[in-house]
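Here's the structure we're looking at; comments come further down.
Side chains are part of it too, since the values below use all heavy atoms of this structure and drop only hydrogens, waters and symmetry mates. Just so it is clear: chains get the letters A, B, ... in the order the sequence lines come, proteins before strands, and each one is counted from 1.
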Protein chains: 2
Amino acid sequence: MTPRKSVETELSRERIMDTARSLFVKEGYQSVSMRKIAKELDYTHGAIYYHFENKAELFYALVKEDFSLLDGVLEKILRQDFGEREKLRKILLGFIEFGLTHPNHYEIMFLTRDEDVQSHLKKGPDQSYELFAHAIYELCGRKVNMKTIWSIFLSIHGFAAVYCRSGQTYEDVSDLAESHVSLLLKAIDM
Amino acid sequence: MTPRKSVETELSRERIMDTARSLFVKEGYQSVSMRKIAKELDYTHGAIYYHFENKAELFYALVKEDFSLLDGVLEKILRQDFGEREKLRKILLGFIEFGLTHPNHYEIMFLTRDEDVQSHLKKGPDQSYELFAHAIYELCGRKVNMKTIWSIFLSIHGFAAVYCRSGQTYEDVSDLAESHVSLLLKAIDM
DNA sequence: CAATATTATTAAACAGTGGTCAATTACAGG
DNA sequence: CCTGTAATTGACCACTGTTTAATAATATTG
């Protein structure tokens, strides 16, 4: 009946992403429908398809931002004034804390299997891992090999993957996280 | 038109599970529909609902069996005639091998987020972990604490979780798996 | 053996999904 | 003012999980 709303209230990628993010974070990828997002925005779902190719693309646009957030967290730690061993500890804990503080982001970034989404997800994880790996390499005085760094990452990921679904906060499990990290540091003689 | 087929070809939980399993293993939970399973069985999808309450219950029935399979693998290793250190290595590698050899089972058991499924999934993981944890405790001469065992599990899980989605076989990554396990054993002085 | 009760199945329906598209209107520029 | 384009609608498609009345094959009973 009335296509095209007045220009002030016009839809934009930004507006859609804001609403979509809060829904995805609350309810997860599968249980948020395009219609739900549109309803929240007071639009029809068709309108979203004008701004995004499909659900996966919309989702991926959010994930991309999430990876930047993680990169930011890690980089901030690297800039801080601590000893190398301490920085190393903080990097590992920082990764876990990120996962627990943004469980749905973590879910999106590292745990979503959905094929459509997975196909978009390429550079994000690789690039973040690159940063992670490089940091560890440098902080270990370049004495540790690539296989080992990868193992450390997988071990940290195992922790984050399990606990980001547990509903617990980082505070709830910070003791466990610290002992997990200590164990891993011991494994690489740090 | 013709409800109830002849008794020899009657549907059963077993028959449904066989077909469902092979489909789920090939295509994953989300992309296998009740209609697809029914079609494969040459029945209408409604018939499945006579034998299973819903998709999640059917799925869970499979998962339950998968956990038994994993338990079997671990128990077999424990019965073998190796030194304790070697057994420990084999348990950790066995867990990873299980994940890579049955990636969709592993997905189902430890990685599926679907709420319906998750709600059914309670005792399975706990019980399998119990076996895992007890084995490690004993094989370490009871010198290792519970937190540490849990960390080891999470680290192994991290490996399995990532690689069971990579499409690679256990052979492809067995070298990496072995070095991962070695690292963890070093962390607990074994 | 006949009547009846139970069991297994179908087919149709429901409300929801992601996605497409012609029609339509609000706006921008000439 | 006219025209072209940009943004939105709403109807539609094929699909999903789930429910349910009707029904035919079997099992049980008298």
Rounded interatomic separation in angstrom, taking NZ from B:K5 and C1' from D:dT23: 15 Å

Does any N or O donor sit under 3.5 Å from an N or O acceptor when you compare the side chain of A:R4 with the base of C:dA26? yes

More 5' along DNA chain C: B:R35 or B:L11, using each one's nearest nucleotide? B:L11

Which residue is it: A:L100, A:L93, A:T101? I am looking for the one with a side-chain contact (heavy atoms from CB on, under 4.5 Å) to A:E97. A:T101

In whole angstrom, what separates A:E57's CD from C:dT20's C1'? 16 Å

Of the nucleotides D:dT8, C:dT9, D:dT9, which one has an atom closest to the side chain of A:T44? D:dT9

dist B:H134:NE2 -> B:I149:CD1 (nearest 0.5 Å) comes out at 9.5 Å

In whole Å, I'd like the distance from the OH atom of A:Y43 to the C1' atom of C:dT24. 16 Å

Output the single nucleotide from C:dT7, C:dG18, D:dT8 whose closest atom is nearest the side chain of A:P3. D:dT8

If I take atom CE in residue B:M34 and atom P in nucleotide C:dA12, what distance separates them, rounded to the nearest angstrom? 20 Å

Mind checking the OG1-CD1 spacing from A:T148 to A:I136? Nearest 0.5 Å is all I need. 10.5 Å

Over all strands shown, is A:H45 touching base, sugar-phosphate only, or nothing at heavy-atom distances under 4.0 angstrom? base

Check the distance between C:dG18's P and A:N54's CG and give it to me in whole angstrom. 11 Å

Exercise: do A:E14 and A:S12 side chains pair donor with acceptor under 3.5 Å: no

note: B:I48, atom CD1; D:dG17, atom C1'; distance rounded to Å ~ 11 Å

Expected output: side-chain B:K186 to main-chain A:A187 donor-acceptor under 3.5 Å: yes

Nearest-Å distance for atom pair OH/P, residues A:Y49 and D:dA11: 18 Å

Within this structure, what is the CD-to-P distance between A:E53 and C:dG19, rounded to whole angstrom? 10 Å

Among the nucleotides C:dT17, D:dT8, D:dT16, which one has an atom lying closest to any side-chain atom of A:S33? C:dT17

